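The structure appears below as structure tokens.
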Amino acid sequence: LNRDVQNSHSNNAFPSHSHMQRASDEPPPFIPIDNTLCHEWIYPTNKEVREYQKTISKNALLHNTLVVLPTGLGKTLIAAVV
């Protein structure tokens, strides 16, 4: 079995995604915002609203965002909102 796995890796069984990579100096693609849908934003209020989560969520709606928070501070809620 190990030999089969090694052979499959050496025969490029897993396709390269290099054709999907952008040049480092190339800006990210622009995705236009549909202004007809931007008049309302639904944020869950069935749990305590933590302002930092709301602020991060609002920012992530409009910008590429990487959220780094300690365990238990609401990364999943932020991801669900966005």
Side-chain angles (χ1 to χ4, degrees):
L1 178 64
N2 286 340
R3 193 176 310 141
D4 293 337
V5 171
Q6 288 174 347
N7 288 339
S8 69
H9 287 296
S10 63
N11 293 334
N12 292 329
F14 300 99
S16 169
H17 290 82
S18 60
H19 65 280
M20 296 172 54
Q21 295 176 351
R22 294 189 324 263
S24 61
D25 59 343
E26 185 179 324
F30 176 73
I31 301 173
I33 296 174
D34 185 349
N35 290 326
T36 62
L37 302 174
C38 292
H39 65 279
E40 188 174 323
W41 180 44
I42 300 171
Y43 189 85
T45 57
N46 58 335
K47 294 201 175 222
E48 174 190 352
V49 175
R50 298 176 182 170
E51 279 304 312
Y52 68 90
Q53 290 174 331
K54 192 173 182 182
T55 302
I56 293 169
S57 298
K58 191 182 252 186
N59 184 58
L61 286 169
L62 302 173
H63 306 283
N64 290 335
T65 305
L66 174 65
V67 178
V68 180
L69 292 172
T71 300
L73 291 182
K75 293 181 294 291
T76 303
L77 178 104
I78 294 166
V81 169
V82 174

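Computed from a predicted model, the values in this text were never measured in an experiment. Throughout, residue positions are numbered sequentially from 1 according to the sequence presented.
Among residues two or more places apart in sequence or in another chain, the ring pair (Phe, Tyr, Trp, His ring centres under 6.0 Å) test is passed with Tyr52 by none. Take Thr36 and apply the side chain to side chain donor-acceptor pair (under 3.5 Å) test, not counting sequence neighbours, and it matches Asp34. For Ala60, the side-chain contact (heavy atoms from CB on, under 4.5 Å) partners two or more places apart in sequence, or in a different chain, are Thr65, Val82.
Rounding to the nearest 0.5 angstrom, the gap separating the NZ atom in Lys58 from the OH atom in Tyr43 is 11.0 Å. Note that the CG atom of Leu61 and the CD1 atom of Ile78 stand 11.0 Å from one another [nearest 0.5 Å].
Side-chain atoms of Glu51 and Val49, non-hydrogen and from C-beta on, do get closer than 4.5 Å to each other.
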Let me have the donor-acceptor pairs involving side chains of residues 67-74, under 3.5 Å, with sequence neighbours excluded, atom names and distances please.
none

